[in-house]
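Report on the following structure.
Predicted model only: the values in this text are computed from it and were never measured.
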Protein chains: 2
Amino acid sequence: MSRMEQRTAGVPTLKRLPLYLRLLRKMKEQGEEYASGAVVARELGLDPIVVRKDLAITGAVGRPRLGFPMDEIISAIEDFLGWSNTSDAFLVGVGNLGRALLGYQGFEQHGMKIVAAFDSNPDIIGTKVHGRPIMDIKKMPALAKRMHVQLGVLTVTASVAQKVADMMIEGGIRAIWNFTPTTLVVPENVILQREELASSLAVLSHRLLVEGGRKS
Amino acid sequence: MSRMEQRTAGVPTLKRLPLYLRLLRKMKEQGEEYASGAVVARELGLDPIVVRKDLAITGAVGRPRLGFPMDEIISAIEDFLGWSNTSDAFLVGVGNLGRALLGYQGFEQHGMKIVAAFDSNPDIIGTKVHGRPIMDIKKMPALAKRMHVQLGVLTVTASVAQKVADMMIEGGIRAIWNFTPTTLVVPENVILQREELASSLAVLSHRLLVEGGRKS
DNA sequence: TAGATTGTTAATCGATTAACAATC
DNA sequence: TAGATTGTTAATCGATTAACAATC
């Protein structure tokens with residue numbers, strides 16, 4: 001009943017919410033005052049029922065015939081995801097992928113701000129990449145603690161992934177976004193999110209093999 | 001009954017298969033002759049029943065008490081995913097992310113070989129990145145056709161994504177791995193796989209917000 | 001033989017899809 | 001009012017989990 005309790009959503013719903021948010025922000029920029037789930041569904045090629053249920057879970061209330069007031073629905077999604085305020089993050093491992101992520105402009109619109117990056121290579125320590133300072137990895141745990149950084153982006157070589165994850169945990173980091181193929185072992189209270197490109201490729205390959213069909 | 005027909009698997013199963021494959025290859029390197037689903041499950045932190053079912057779908061046959069002969073189970077997964085032979089791929093858009101993907105060594109072990117990259121920037125056309133030639137995007141469709149390239153990796157700016165996807169399709173490319181936030185419109189017979197970092201971040205953010213818990 | 005593991009069948013759970021009443 | 005859209009309840013579908021017989 002109360003607006004206090006945060007509803008929980010399934011993973012499929014959570015994965016769709018950013019798509020809605022991106023579209024809604026664009027529509028707002030174009031001056032739209034209302035957005036209906038029906039239009040969102042059409043635009044993204046989704047089933048309207050799915051969109052309706054997803055939006056309902058954020059607690060937003062729409063008006064029959066009109067849809068959702070633009071500002072309300074955008075705020076509802078942002079609040080639900082915790083994206084009303086960005087969280088500071090540290091990135092560790094400034095290789096190809098690390099650089100690419102540092103260069104990606106979009107994260108701040110998705111609740112995350114990478115404030116510093118770390119590496120062990122003395123050649124790049126002290127330099128800047130896309131405006132962010134590269135510091136000695138040894139300084140990371142203490143700095144994480146001092147700055148109360150909660151989020152760690154792990155883009156190191158697989159062989160040192162566990163060691164660096166341990167350092168992140170030592171620094172009080174509560175969630176690790178793991179871009180390495182290493183299966184990390186972490187305490188119960190640390191959140192892991194693995195980014196597995198091979199998994200996506202597997203879905204694609206299998207489709208290419210059995211269908212010639214289409215989806216998503 | 002027959003070994004001919006390719007079974008189909010759900011997306012969750014497809015996403016786990018590469019994890020098994022990576023572990024099994026490592027175990028093989030270490031000289032193991034058999035691999036049991038039980039051990040795989042333990043090592044990856046998964047439920048043994050899930051692993052058993054996943055492996056069953058590849059058509060591999062195990063022996064009670066021993067597990068699966070290493071070479072057989074590895075081949076079964078590779079065959080199932082179509083990874084016994086790598087597919088040639090074109091990458092279009094040599095920005096930060098494109099460069100990172102070109103630098104990633106692992107794709108060839110996952111069924112994909114990026115043989116060339118394309119861009120519109122004259123400053124980088126004619127150069128090489130991680131051993132692959134960067135060519136003029138204008139030449140891409142004809143070259144795709146001539147080389148019978150089936151797979152396109154899309155790492156361009158969002159604003160030109162649809163245009164470049166159209167060029168890929170013109171070149172006969174059958175599957176597009178889309179790293180842009182653009183919702184592409186493609187013919188029925190073209191396979192789309194979207195890589196959505198914002199979605200992963202949403203799952204992570206939401207967990208950080210409601211739990212302090214752990215998963216995956 | 002004893003026991004760990006496979007392979008299969010049944011039960012549970014959650015997400016998607018369908019149906020429809022309520023509303024502006 | 002008429003009709004598009006919301007919000008909710010029910011039905012279907014598929015994945016996960018549980019149980020257990022078969023086997024080396």
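Taking only side-chain nitrogens and oxygens, A/Arg42 never comes nearer than 4.0 Å to OP1 or OP2 of D/dA4. Checking the phosphate oxygens (OP1, OP2) of D/dT16, a side-chain nitrogen or oxygen of B/Arg16 falls inside 4.0 Å.
Summarising the geometry, atom OH belonging to A/Tyr20 is positioned 3.5 Å from atom CG belonging to A/Asp54; distances are rounded to the nearest 0.5 Å. Here the CZ-NE2 distance, from B/Arg22 to B/His110, works out to 4.5 Å after rounding to the nearest 0.5 Å.
Between B/Phe107 and B/Tyr104, the ring-plane angle classifies as perpendicular under the 30° and 60° cut-offs.
With salt bridges taken as basic N to acidic carboxylate O contacts below 4.0 Å, none links A/Lys26 and A/Glu43.
Mapping A/Pro64 and A/Val11 onto DNA chain C via the closest heavy atom, the residue that lands nearer the 5' end is A/Val11. Where A/Gly10 and B/Leu55 meet DNA chain C, the nucleotide closest to each residue was compared, and B/Leu55 sits on the side nearer the 5' end.
Distance NZ (B/Lys15) to P (D/dA15): 13 Å, rounded to an integer number of Å. Going from atom CZ of B/Arg65 over to atom P of C/dT6 covers 11 Å, rounded to whole Å. Counting to the nearest Å, the P atom of C/dC24 and the CZ atom of A/Arg63 are 9 Å from each other. Spacing between atom OH of A/Tyr34 and atom P of D/dA4 amounts to 19 Å, rounded to whole angstrom units. C/dA4 atom P lies 17 Å from atom CD1 of B/Ile49, rounded to whole Å. Residue A/Leu46 contributes atom CG, which lies 14 Å from atom C1' of C/dT17 at whole-angstrom precision. Between the CG atom of A/Asp54 and the C1' atom of C/dG14 there is a distance of 14 Å, given to the nearest Å. In this structure, B/Arg52 places its CZ atom 7 Å from P of C/dT6, rounding to the nearest Å.
For B/Ser36, the listed nucleotide lying nearest its side chain is C/dT5; candidates were C/dT5, C/dC24, C/dA18. Which of C/dT6, C/dA18, C/dA10 sits closest to the side chain of B/Lys53 comes down to C/dA10. For A/Asp47, counting side-chain heavy atoms from C-beta on, the closest listed nucleotide (D/dT5, D/dT17, C/dT17) is C/dT17.
Remark: D/dA21 base-pairs with C/dT6. Criterion, Watson-Crick or G-U wobble with two distances under 3.5 Å. If you check D/dT16 for Watson-Crick or wobble pairing at under 3.5 angstrom, you find it paired to C/dA11.
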Please test B/Glu78 against B/Arg25 for salt bridge (Lys or Arg N to Asp or Glu O under 4.0 Å), starting from the C-alpha separation and ending with a verdict.
CA-CA 11 Å; B/Glu78 287 175 345; B/Arg25 282 170 174 164; 2.9 Å; yes
